[in-house]
**Student:** 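What follows is a structure written as structure tokens; I'll ask about it next.
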Amino acid sequence: MYRSLFPRDMLAEMDRLQREMQQAFDLSPTIRGFGQSGFPALNIGGTPQTVEIYAFAPGVDPSSLEVNLERGLLTIAGKRENALPQEDEKAAVHINERFEGQFRRVLTLPDDADPEAVTAKCRDGVLHISVQRRASSQPRRIAVQ
């Protein structure tokens with residue numbers, strides 16, 4: 001049977017390679033840049049008043065999560081336990097694509113983030129972190145006299 005030396009969709013393969021190269025050289029993910037893939041997956045956005053971060057960590061016990069903010073770096077760390085049966089020696093695992101073990105994600109917050117006004121809540125495997133922006137950076141209207 002005839003087999004090609006190239007993948008069927010060469011452009012998709014080149015796009016994948018470009019994304020991997022960008023991720024390899026992106027050493028400091030920020031809320032505005034291309035972050036490196038990892039666990040937990042992140043959604044990051046903001047308003048003029050806050051920076052909103054959502055970390056998707058299904059299967060992680062909220063008590064094992066640790067959120068730290070130091071010198072503008074927000075760190076999300078924790079541990080996800082193995083969900084596969086361990087005691088039964090007769091059980092066979094054929095595919096295990098779920099991440100398990102220790103994880104850590106680090107983000108650089110913008111300069112106007114207020115380290116004294118941070119809240120974190122975890123519900124249904126979604127960690128929501130809200131960081132207030134400093135009052136001095138808030139948009140305000142100045143009255144003309």
Side-chain angles (χ1 to χ4, degrees), residues 3-142:
R3 293 187 74 191
S4 173
L5 294 175
F6 299 102
R8 287 187 180 166
D9 190 354
M10 183 64 102
L11 293 176
E13 199 58 29
M14 289 175 65
D15 184 49
R16 180 192 62 79
L17 181 61
Q18 180 184 10
R19 279 193 318 270
E20 287 180 7
M21 292 295 290
Q22 276 182 328
Q23 290 176 353
F25 291 106
D26 185 16
L27 300 177
S28 63
T30 66
I31 67 167
R32 300 187 198 291
F34 295 102
Q36 297 178 351
S37 61
F39 184 84
L42 300 175
N43 282 356
I44 303 172
T47 66
Q49 294 81 23
T50 63
V51 175
E52 303 293 331
I53 302 160
Y54 293 89
F56 300 94
V60 174
D61 182 15
S63 65
S64 75
L65 290 172
E66 186 176 313
V67 178
N68 294 314
L69 179 57
E70 182 179 349
R71 296 183 187 167
L73 293 177
L74 179 75
T75 304
I76 303 169
K79 183 176 181 178
R80 183 153 117 178
E81 299 294 333
N82 186 358
L84 296 174
Q86 296 293 325
E87 295 89 26
D88 188 5
E89 295 177 9
K90 295 180 182 179
V93 177
H94 299 286
I95 297 175
N96 184 8
E97 295 180 344
R98 185 176 183 198
F99 169 82
E100 62 187 54
Q102 301 281 340
F103 61 86
R104 178 182 169 107
R105 293 291 302 262
V106 180
L107 300 168
T108 303
L109 293 177
D111 293 334
D112 64 350
D114 186 356
E116 301 299 321
V118 180
T119 60
K121 298 176 185 175
C122 189
R123 180 177 172 206
D124 297 331
V126 179
L127 174 64
H128 176 214
I129 302 168
S130 182
V131 182
Q132 296 290 321
R133 296 183 190 266
R134 289 192 171 99
S136 61
S137 68
Q138 301 291 325
R140 58 189 163 113
R141 185 177 180 118
I142 300 170

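The figures here come from the full heavy-atom set of this structure, side chains too, leaving out hydrogens, waters and symmetry mates.
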**Student:** With a 4.5 Å cut-off on side-chain heavy atoms, are Gln132 and Val118 touching?
**Tutor:** no
**Student:** Between Lys79 and Gln102, what is the shortest heavy-atom contact and its length?
**Tutor:** CD-NE2, 3.5 Å
**Student:** Starting from the C-alpha separation in whole Å, work towards a yes-or-no answer on side-chain contact (heavy atoms from CB on, under 4.5 Å) for Val60 and Leu127.
**Tutor:** CA-CA 10 Å; Val60 174; Leu127 174 64; over 6 Å; no
**Student:** Test Asp112 against Arg134 for salt bridge (charged side-chain N to carboxylate O under 4.0 Å, His left out), laying out the working first.
**Tutor:** CA-CA 6 Å; Asp112 64 350; Arg134 289 192 171 99; over 6 Å; no
**Student:** Specify the closest pair of heavy atoms between Leu69 and Pro115, including all atoms of both residues, with the distance to one decimal.
**Tutor:** CD2-CA, 3.6 Å
**Student:** Evaluate the criterion side-chain contact (heavy atoms from CB on, under 4.5 Å) for residue pair Thr108 and Leu73; output intermediate values, then yes/no.
**Tutor:** CA-CA 5 Å; Thr108 303; Leu73 293 177; 3.5 Å; yes
**Student:** Below 4.5 Å, heavy atoms only, C-beta onward: do Val51 and Ser130 meet side chain to side chain?
**Tutor:** no
**Student:** Checking side-chain hydrogen bond (donor to acceptor under 3.5 Å, both in side chains) against His128, which of Arg123, Glu52, Lys121 comes through?
**Tutor:** Glu52
**Student:** Nearest 0.5 Å, please: how far is CD1 in Ile44 from CG in Leu74?
**Tutor:** 8.5 Å
**Student:** Can you check side-chain contact (heavy atoms from CB on, under 4.5 Å) on Val106 and Ile76, steps first, answer last?
**Tutor:** CA-CA 6 Å; Val106 180; Ile76 303 169; over 6 Å; no
**Student:** Write down the atom of Pro110, the atom of Arg133, and the distance for their closest heavy-atom approach.
**Tutor:** CG-NH1, 3.9 Å
**Student:** So, the side chain of Arg105 versus the backbone of Pro40: is there a donor-acceptor pair under 3.5 Å, distance only?
**Tutor:** yes
**Student:** I need the minimum non-hydrogen distance between Phe39 and Phe56, along with the two atoms involved.
**Tutor:** CE1-O, 4.0 Å
**Student:** Before you tell me yes or no, could you show the steps for Thr119 and Val131 under side-chain contact (heavy atoms from CB on, under 4.5 Å), namely the whole-Å CA-CA distance, both residues' side-chain angles and the distance that decides it to 0.1 Å?
**Tutor:** CA-CA 7 Å; Thr119 60; Val131 182; over 6 Å; no
**Student:** Can you confirm whether Leu109 sits close enough to Ile53 that some side-chain heavy atom of one is under 4.5 Å from a side-chain heavy atom of the other?
**Tutor:** yes
